[in-house]
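Right, one structure below, let's go through it.
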Amino acid sequence: MLFSNALIPTLKEIPADAEIVSHQLMLRAGMIRKLATGIYSYLPLAQRVLQKVKTIIREEMNRIGGQEVTLPAVQPSEIWEESGRWELYGKELLRFTDRHNRNFCLGPTHEEVITDLVRREVKSYRELPLTLYQIQTKFRDEIRPRFGIMRAREFVMKDAYSFDRDEAGAEESYRKMYQAYTRIFERCGLEFRAVEADTGSIGGSFSHEFMVLADSGEDVIVYCSSCGYGANLEKAEIKPPDAPSRNETLKKLERVSTPGKKTIEEVTGFLGVPPHDLIKTLIFETDQGPVAGLVRGDHEINEVKLKNLLNCEYLALADDGTVEKVTGSPRGFAGPVGLRIPIYADNSLRGCLNMVTGGNEQDTHCKNVNTPRDYTVIRFADIRTALEDDPCVRCGNQLRMRRGIEVGHIFKLGIKYSKSLHATYLDRDGKENFIVMGCYGIGVGRTVAAAIEQHHDKDGIVFPHTLAPYHVLILPIEINDDDLRNVAFRIYNQLGAEGVEVLLDDRDERPGIKFKDADLLGIPLRITVGRRTLAQGKVEVKYRTSGTVELVDCEKIGTHIKNHFSNC
RNA sequence: CGGGGCGUAGCGCAGCCUGGUUAGCGUGCAUGCCUUGGGCGCAUGAGGUCGGGAGUUCAAAUCUCCCCGCCCCGACCA
């Protein structure tokens, strides 16, 4: 490709509304342009990079027996009503009607469609297992899209679905997919971790997220400093502390006046006690009625853990009215003593003595609160959010935290959708069984953005060679100099004939501009053709990753490049 | 949905508070000269519904109201 013919509109300045570096660089490198909030055009350079990722994905999906399909982006409401998600999904599902006033949506995901397809076409155990995948544009009407294509409303996703006869088969499919994902992200040159995750609204029994490590990541991942345990923050389990020795005496319960002191900070400051001697009492509304969650003052409650513990469908912090009704006091003074709703307490509170709690009365707290003397806990469990240095649930060593970008997520779904949509097969004995499913997603655009987050420097993008839009950029210093021009084109044609993807910067621009753009675009190899080196019959090869420069004989450049790539 | 901010040339911004020449600067773009190993220099030029509408006023980019779009924070969420 000749640069003069290519649409690569680079920008010198950083667009004002780009927050994170991958967004800035993709705009500056002329890869993407915004059409509306969360909706982007992919220009030729981005298209080529996306294509590289898609090719890697296809190869790895095919390797584990996946078959590619394309499912409709526009989906009728009927199948969503069948699965129950037409009601459940909320505003993120973009709905509209056709000319006949029938309801449709833009597909945010394709469980319904694929399950509908399979239930119609697959009838026998002989046809299972089956894995289907597609690479397709999805639409989720996110409340707050941001960071360019990192969290867009319209985005390209690879989604795969596995169909098995039984749990064991589904677990095998899951395992194969896990390995395929590992290979995919390794091939993309990414530093990542697979962590355990909550299954959320997709449902199912277990799940892993593939997280690219990056400080700009929106998610926090927790991993063990010594064993292989890793999970996302909402899932990360904490080893229960050993039973504490009760050598302290139980003091007498005491009510104290704490006018206007609601927060942990205010109360600790006022009473002169450390936060870990306080109990935070949080009132939640659930579909099982109101419940209280207790954590230590220096801990945060984890709603996902509490929700899973209660096994409820709905759980949210109670509003002021409910808090008042349940505790008899305004928000900020709730405590377990005298509460008439179920109380769940975090493991860290087991055996804690003489604690400070809210008094269930305005401007009042209790001191020297002890269980079971003063209140009853239904159950102690792990319901708080993990902190750095907490003990690992598996081995007890310290947990560490890092930020990550979720680029892939795999779920073992079980029969959630096959049940609601009635996808069954007949086994050997002619008996009807539900097909056991799994679903597996990769954000293709997000993978590219994550790669840039991880691979850039002050001058621009530093593409891993597997994702680079071109392998080589040829940069003649002066395009109007016939000697330079001829050598540049000779190398260009030679490499092109050998299957190397080459971009030749034939623009009549000053060298500085071309060098800056070359760095910005992040193409792994740059061949500079200048008068100075050409006088010795040489051209300069610069490696974008290391910045290393070497002079290579004009005649040997083809072999040189080929050798370089065979080592990659 | 709540809070905050922004909207002036392709991009980055000033002007607005305190209304009053032909709306300005940098960059980019076009043309010419010059220069040619890291966003060079000089000159000339094109490019604007000042987000939209209504109002106040002799007069509105500037003041008021409404609407739209965008960004940030929060809540929400695959």
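Residue numbers begin at 1 in each chain, while the letters A, B, ... track the order of the sequences. These numbers were taken from a predicted model, which means no experiment stands behind them.
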Practice prompt. For B:C33 versus B:G15, give the span between their C1' atoms, rounded off to a whole number of Å.
Written response: 35 Å

Worksheet item: For A:His471, what residues pass the ring pair (Phe, Tyr, Trp, His ring centres under 6.0 Å) criterion, not counting sequence neighbours?
Response: A:Phe565

Discussion item. Is the distance between the ring centroids of A:Phe411 and A:His409 under 6.0 Å?
Written reply: yes

Discussion item. Holding to salt bridge (Lys or Arg N to Asp or Glu O under 4.0 Å), I want the full list of residues that pass it with A:Asp17, two or more places apart in sequence or in another chain.
Written reply: A:Lys34

Fill in: Watson-Crick or G-U counterpart of B:C6, or none if no pair lies under 3.5 Å
B:G69

Item to complete: Sorted by first residue and then second, give each side chain to side chain donor-acceptor pair (under 3.5 Å) pair with at least one member in residues 440-450 of chain A; sequence neighbours left out.
Response: A:Ser162-A:Tyr440

Please write out each protein N/O paired with an N/O of nucleotides 71-74 of chain B under 3.5 Å, distance rounded to 0.1 Å.
| residue | atom | partner | partner atom | Å |
| --- | --- | --- | --- | --- |
| B:C71 | OP1 | A:Lys34 | NZ | 3.3 |
| B:C71 | OP2 | A:Thr37 | OG1 | 3.4 |
| B:C73 | OP2 | A:Arg144 | NH1 | 2.8 |
| B:C73 | OP2 | A:Arg144 | NH2 | 2.6 |

Fill in: Spacing of the C1' atoms in B:C29 and B:C11 (rounded, Å)
12 Å

Discussion item. Can you see whether A:Gln134 engages A:Thr70 through a side-chain donor-acceptor pair at a distance of less than 3.5 angstrom?
Written reply: no

Discussion item. Between A:Asp459 and A:Arg544, does any side-chain N to carboxylate O distance fall below 4.0 Å?
Written reply: no

Practice prompt. With sequence neighbours left out, write down each residue that passes salt bridge (Lys or Arg N to Asp or Glu O under 4.0 Å) with A:Asp505, or none if nothing qualifies.
Written response: A:Arg507

N/O to N/O distances under 3.5 Å, protein versus nucleotides 26-29 of chain B:
| residue | atom | partner | partner atom | Å |
| --- | --- | --- | --- | --- |
| B:G26 | N2 | A:Glu13 | OE2 | 2.9 |
| B:U27 | O3' | A:Lys12 | NZ | 3.3 |
| B:G28 | OP1 | A:Lys12 | NZ | 3.4 |

Discussion item. When the P atoms of B:U31 and B:U21 are compared, how many Å lie between them, rounded to an integer?
Written reply: 36 Å

Worksheet item: B:C58 and B:C70: how far apart are their C1' atoms, nearest whole angstrom?
Response: 36 Å

Practice prompt. Could you tell me whether A:Lys542 and A:Glu550 make a salt bridge, using a distance below 4.0 angstrom between a side-chain N and a carboxylate O?
Written response: no

Discussion item. Of the options B:G37, B:C70, B:C77, whose atoms approach the side-chain atoms of A:Glu92 most closely?
Written reply: B:C77

Discussion item. Please report the distance separating the C1' of B:G2 from the corresponding atom of B:G47, rounded so that it comes out in whole Å.
Written reply: 41 Å

Item to complete: For A:Asn480, answer base if it contacts any base atom (sugar-phosphate contacts may also be present), sugar-phosphate if it contacts only those atoms, and nothing otherwise; contact means non-hydrogen atoms under 4.0 Å.
Response: nothing

